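A short worksheet on the structure shown next.
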There are 2 protein chains.
Amino acid sequence: MGAAWLAHGQAGRRQGATEVSPAHAQVIPLYRQDNSHPQARVCAQCEVRRSALFGALDAAGLDQIHSHIASLTLAPGDTVYQRGELGAAVYTVRSGVVRFERVTERGDRRIVRLAGQGDLIGQESVLQRVHGDDAVACTEVELCRIPCHLLSDMSAREPALLHELMSRWQNALDAAETWVTDLTTGPARRRVLRLLLKLCDYTSAQGEIWLPSRDEMGAMLDMSVETASRLISALRREGVLQTPGLRTVRVARDGLVRVLAAEDV
Amino acid sequence: MGAAWLAHGQAGRRQGATEVSPAHAQVIPLYRQDNSHPQARVCAQCEVRRSALFGALDAAGLDQIHSHIASLTLAPGDTVYQRGELGAAVYTVRSGVVRFERVTERGDRRIVRLAGQGDLIGQESVLQRVHGDDAVACTEVELCRIPCHLLSDMSAREPALLHELMSRWQNALDAAETWVTDLTTGPARRRVLRLLLKLCDYTSAQGEIWLPSRDEMGAMLDMSVETASRLISALRREGVLQTPGLRTVRVARDGLVRVLAAEDV
DNA sequence: CGAGCCGTTGAGGGGATTCAAGCTCAGTGG
DNA sequence: CCACTGAGCTTGAATCCCCTCAACGGCTCG
């Protein structure tokens, strides 16, 4: 009863946050090569492949697609796409953090979600819909660009790909709803702590995580720049935090959890 | 180039909020009937069909499914499903408002999204995933229950159904992100006004809309019950609002827009 | 009729914003 | 080389918004 491809469950990612992937893969500027095998080899070795969109494909499947997939690197502040644009591709995040932001009718921007390693972004392009928000690189970001027509072609033969695609949609939906409960609820201090906790899972270079600018924190947590600064400073004074660089934080994950639990007085 | 079913764009719903559907369809307790045609007739006449999941199906397709689809009616407060459950069906909202809520680790609940007429809920069941939040009826709610195995069966033959399904996922994602920008941003008064504006689009009985309990408003907008009460009372005193019943509001949509615009002093 | 739930309103306190002034640091040109 | 500049971070002071605590009224229900 029923097509098999719709069955076979898969748990949501980044739940336990224990799936620590090492550092960066070998970065080769590959773009579109005539000799197709090098790219296929890169894909096969890619450490995010098992968690990425094409993780379901076998070696034969990979051979067909590698020549169409482009790898690109973005600097902090670069935009992947903008709200209102009609995209022709989706992207897999290979490393780094991407933010999704919208502009309220009053003119101030609001960050509504983050994407990290293994996440698929811009899926609305598959449906020929315009992007609903701006996608901007927070850190240095490595992406794989997958043309939509490639997805259409492959999904006809590989039903598992559609399952995977829908699974990504559910991941994004879950992330957006978790955003509401975690980062828009309660007093400012608790929101900051929860944000740091979440960032631990996104940029897990083991202790050294990416720290957003105070302005970004304000846009994520709906607070003023000054409040964000004050709270980070307070956490630093309390010893929960160290800031070696201006954009990096040393923090112990379970330390955060402990401080967060102590908030319930 | 590419399978045709992935193309053919479709705009997001409830954007202009001008698609005013009349009142309720004829409500017939139908559940599963041996004579299959009556249900098919009901489906064909259903006013939400064009916007619903099976809107893409023709009459022949409807004939195959009607006997598996159950219609159910929920009272305010009834739960459709609960977080952690593994559902075996998805639901189309025929009328009424459904809320999605989660419980923060501190124990207080938070409403993260609403669903209304034409929306599909519980789609994570298609992926064999457990529900991520509780789905609870806010008003009286009429649902169509669609078993997952039915979706699996049909989607193999009707590729348009998969497109429609993914489209629903994108709708939900967009709704969740809009929730962040509209209802979790800015001072309490503005959040209340935006909520009322949103409710105009969900229960558009032309002027008479559903008013949540103060407790629900608190869970939606992250504010105390008292603040919600105060703000509603203030709007009533200002003449923006009338509350004929305790759970209904008379309000002019453009009046709300005007007041909202006047907030930017 | 009392109990309980929900909505309303008041008083007080605390947390976040706003306005403001220094601060560090990188880039620039004298 | 170093003052100048501007952007981003920090900190202070005053204001105000919102929460908490509290009391009260209307309503339903046992």
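None of these values were measured; they are calculated from a predicted model. Residue numbers start from 1 in every chain, and the chains themselves are labelled A, B, ... in the order their sequence lines are given, proteins ahead of strands.
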> Base, sugar-phosphate alone, or nothing: which one does B:Ser229 contact when heavy atoms must sit under 4.0 Å apart?
Replying inline: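 It contacts base atoms.
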
> Contact class for B:Arg237 vs. all strands (heavy atom < 4.0 Å): base, sugar-phosphate, or nothing?
Replying inline: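 Here B:Arg237 touches the backbone only, sparing every base.
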
> Within the distance-only criterion (no hydrogens, no angle test), does the side chain of A:Arg194 pair as donor or acceptor with the backbone N or O of A:Asp182 below 3.5 angstrom?
Replying inline: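 Yes, the answer is positive, given that a donor and an acceptor are paired below the 3.5 Å cut-off.
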
> Taking DNA chain C as the partner, which of residues 211-224 of chain A come within under 4.0 angstrom of it by heavy atom?
Replying inline: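 A:Asp222, A:Met223, A:Ser224, in order of number.
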
> With A:Pro212, which of A:Arg99, A:Arg247, A:Met220 fulfils side-chain contact (heavy atoms from CB on, under 4.5 Å)?
Replying inline: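 Only one of A:Arg99, A:Arg247, A:Met220 forms a side-chain contact (heavy atoms from CB on, under 4.5 Å) with A:Pro212, namely A:Met220.
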
>> Determine whether a donor-acceptor pair (one donor, one acceptor, N or O, separation below 3.5 Å) exists between the side chain of B:Arg230 and the base of C:dG10.
In response: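 Indeed, a donor on one side and an acceptor on the other fall under 3.5 Å apart.
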
>> Using only modelled atom types and a 3.5 angstrom limit, is any donor from either the side chain of B:Glu226 or the base of D:dC21 paired with an acceptor on the other?
In response: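 Side chain to base: pair present.
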
What is the distance, rounded to the nearest whole Å, between atom [atom1] of [X] and atom [atom2] of [N]?
| X | N | atom1 | atom2 | result |
| --- | --- | --- | --- | --- |
| B:Arg189 | C:dA16 | CZ | C1' | 20 Å |
| B:Arg247 | D:dC27 | CZ | P | 14 Å |
| A:Ile232 | C:dT24 | CD1 | C1' | 18 Å |
| A:Leu231 | C:dA16 | CG | P | 7 Å |
| A:Leu246 | C:dC23 | CG | P | 18 Å |

> With a 3.5 Å cut-off and no angle check, do the side chains of A:Gln117 and A:Ser95 form a donor-acceptor pair?
Replying inline: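 No, A:Ser95 and A:Gln117 have no side-chain donor paired with an acceptor closer than 3.5 Å.
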
>> Checking salt bridge (Lys or Arg N to Asp or Glu O under 4.0 Å) between B:Asp133 and each of B:Arg83, B:Arg102, B:Arg110, which is the one that passes?
In response: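 The single option meeting the salt bridge (Lys or Arg N to Asp or Glu O under 4.0 Å) with B:Asp133 is B:Arg102.
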
Ignoring backbone atoms, establish whether [X] has a side-chain N or O less than 4.0 Å from OP1 or OP2 of [N].
| X | N | value |
| --- | --- | --- |
| A:Arg236 | D:dT10 | yes |
| B:Ser233 | C:dT9 | yes |
| A:Thr227 | C:dA16 | no |

>> Show, in sequence, the C-alpha distance, side-chain angles and deciding distance for B:Arg236 and B:Thr243, and conclude whether the side-chain hydrogen bond (donor to acceptor under 3.5 Å, both in side chains) test is met.
In response: CA-CA 8 Å; B:Arg236 194 189 303 129; B:Thr243 53; 3.3 Å; yes

>> Applying salt bridge (charged side-chain N to carboxylate O under 4.0 Å, His left out) to A:Arg109 and A:Asp215, what does each step give before you reach the verdict?
In response: CA-CA 10 Å; A:Arg109 73 164 191 213; A:Asp215 197 57; 3.4 Å; yes

>> Using 30° and 60° as the class boundaries, would you call the ring planes of A:Tyr81 and A:Phe100 parallel, tilted or perpendicular?
In response: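 A:Tyr81 and A:Phe100: tilted rings.
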
